[in-house]
Amino acid sequence: MAEIAIKKKRPKNLDIPTIRMPLPSVLSILHRISGAVLFLLLPCLLWLFQQSLASPEAYAAAKAVTSNVLVKIVLLGLLWLYMHHFCAGIRYLLLDLHKGVDLQPARFSSKVVFAVSIALTLIVGAKVLL
Amino acid sequence: MINRIVVGAGYGLKDWIVQRATALIMAVYTLILLVALGAMGPGGYEAWRAIFANGFMQFMTFLFFVSLFWHVWIGVRDIWMDYAKPDGLRLVLMIATAAALVGYAGWAAKILWRL
């Protein structure tokens, strides 16, 4: 809304290289970036899902596409983006319920999000991509 | 505090709730899928298809896709509102996003109905 009036002038620093990002802020921007990238690649993912279920032949063809190392790396990256979005999203739902809103718990939970999402990525990646 | 000037009926509360409700549905589905993947045997196509080919998972997977596309609509619309400042550009991007998501929903239904 353009008509929002903020009473106090607050200091503003938009010089990106000088901004120090604590982990919860890295988590936050990655939440947005992961959502955007997953949205842009939805057609590829839907296509892969369709092929994998259409027939044994289509499944084999999809398997051949994903056996390429570069494709595997991209899919592993997308898996991580999904897991990050998933874990960070659960953290935000808890914040909405006023759980862990203080500085120290919020910093700790952002570390948990990174650890759990990377662990899930490796476990699921090993199961479906190896 | 900020002073809002009343300009209409929409304040985003519905979208705020939908974003969280769809997130919850997708989170539950993700956990179900993780368990199903963990239990999946080394059967290639048949084992993979078996995960989705029963009525429960077809229902849940379709629910997941509808939740996903609705969730994406709100999230991507927020991104356009933050970064696409010219009204015309923003409108075009929003219409393209909505059109793509409606198409994806039809596509997802087709994939699942064939199983």
Side-chain angles (χ1 to χ4, degrees), chain A residues 1-8 10 29 31-63 79 82-83 85-97 117 120-121 123-130, chain B residues 1-8 10-12 16-17 19-24 26-27 29-31 33-34 37-40 42 44-53 61 65 68-69 71-76 78-83 97 100-101 103-105 107-108 110-112 114-115:
Chain A
M1 234 181 289
E3 292 88 354
I4 288 174
I6 295 164
K7 279 180 184 159
K8 213 159 73 178
R10 291 176 293 189
I29 191 62
H31 193 69
R32 172 161 282 197
I33 292 171
S34 57
V37 171
L38 287 167
F39 161 65
L40 290 175
L41 289 177
L42 264 179
C44 306
L45 295 171
L46 274 169
W47 178 83
L48 203 56
F49 186 60
Q50 179 180 42
Q51 291 303 105
S52 76
L53 289 171
S55 68
E57 295 75 33
Y59 177 88
K63 196 95 183 167
L79 189 59
Y82 183 90
M83 289 305 178
H85 204 91
F86 168 66
C87 294
I90 290 172
R91 178 174 175 272
Y92 284 137
L93 288 174
L94 292 172
L95 289 175
D96 284 342
L97 298 171
S117 59
L120 278 174
T121 303
I123 294 167
V124 177
K127 179 83 184 178
V128 297
L129 288 173
L130 284 183
Chain B
M1 281 298 289
I2 49 179
N3 293 315
R4 286 184 198 283
I5 294 164
V6 179
V7 290
Y11 295 92
W16 191 91
I17 291 171
Q19 188 101 26
R20 278 141 190 86
T22 52
L24 208 56
M26 289 188 288
Y29 181 81
T30 302
L31 293 176
L33 195 60
L34 284 175
L37 279 176
M40 183 177 74
Y45 173 71
E46 283 308 322
W48 173 247
R49 187 180 179 278
I51 291 180
F52 302 98
T61 307
F65 276 123
L68 173 69
F69 299 138
H71 188 90
V72 168
W73 163 246
I74 298 167
V76 173
D78 284 354
I79 291 179
W80 298 144
M81 289 197 298
D82 280 351
Y83 306 125
T97 304
L101 290 172
Y104 294 161
W107 188 4
K110 199 181 90 175
I111 295 172
L112 293 170
R114 275 202 192 144
L115 281 173

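Proteins come first, then strands; the chains are lettered A, B, ... in the order of their sequence lines, and each starts at number 1. Values reported hereafter were calculated over all heavy atoms of this structure, with side chains retained and with hydrogens, waters and symmetry mates removed.
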For this session: Under 4.5 Å, counting heavy-atom pairs only, tell me which of B/Gly44, B/Ala108, B/Ala100, B/Ala23 racks up the most with chain A.
Result: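 Of the options given, most contacts go to B/Gly44.
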Heavy-atom distance under 4.5 Å to chain A: side chain of [X], backbone, both or neither?
X: B/Phe52; answer: side chain
X: B/Trp73; answer: neither
X: B/Leu37; answer: both
X: B/Leu33; answer: neither

Problem set entry | residues 32-41 of chain A: residues contacting chain B (heavy atom under 4.5 Å, by number) |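 Within residues 32-41 of chain A, the residues under 4.5 Å from chain B are A/Arg32, A/Ala36, A/Phe39.
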Problem set entry | Residues of residues 49-56 of chain A with any heavy atom under 4.5 Å of a heavy atom in chain B |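 When heavy atoms of chain B are the reference, residues 49-56 of chain A contributes A/Phe49, A/Gln50, A/Ser52, A/Leu53, A/Ala54, A/Ser55, A/Pro56 within the under-4.5 Å range.
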Using 0.5 Å steps for rounding, measure from the [atom1] atom of [X] to the [atom2] atom of [Y].
X: B/Thr30; Y: A/Leu120; atom1: OG1; atom2: CG; result: 10.0 Å
X: A/Met83; Y: B/Leu34; atom1: CE; atom2: CG; result: 5.0 Å
X: A/His85; Y: B/His71; atom1: NE2; atom2: NE2; result: 4.0 Å

For this session: For A/Asp96, enumerate each residue passing the side-chain hydrogen bond (donor to acceptor under 3.5 Å, both in side chains) test, keeping only those at least two apart in sequence or located in another chain.
Result: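 Here the qualifying residues are B/Arg20.
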For this session: Could you pull out all residues at least two apart from A/Tyr92 that satisfy side-chain hydrogen bond (donor to acceptor under 3.5 Å, both in side chains)?
Result: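 Partners of A/Tyr92 by the side-chain hydrogen bond (donor to acceptor under 3.5 Å, both in side chains) criterion come out as none, since no residue qualifies.
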For this session: Ignoring hydrogens and angles, tell me if any N or O in the side chain of A/Lys127 forms a donor-acceptor pair with the backbone of B/Met40 under 3.5 Å.
Result: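 Yes: the side chain of A/Lys127 pairs with the backbone of B/Met40.
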Exercise. Do you know the tightest heavy-atom contact between B/Tyr104 and A/Pro43?
Worked result: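 For B/Tyr104 versus A/Pro43, the nearest heavy atoms are OH-CG, 3.0 Å.
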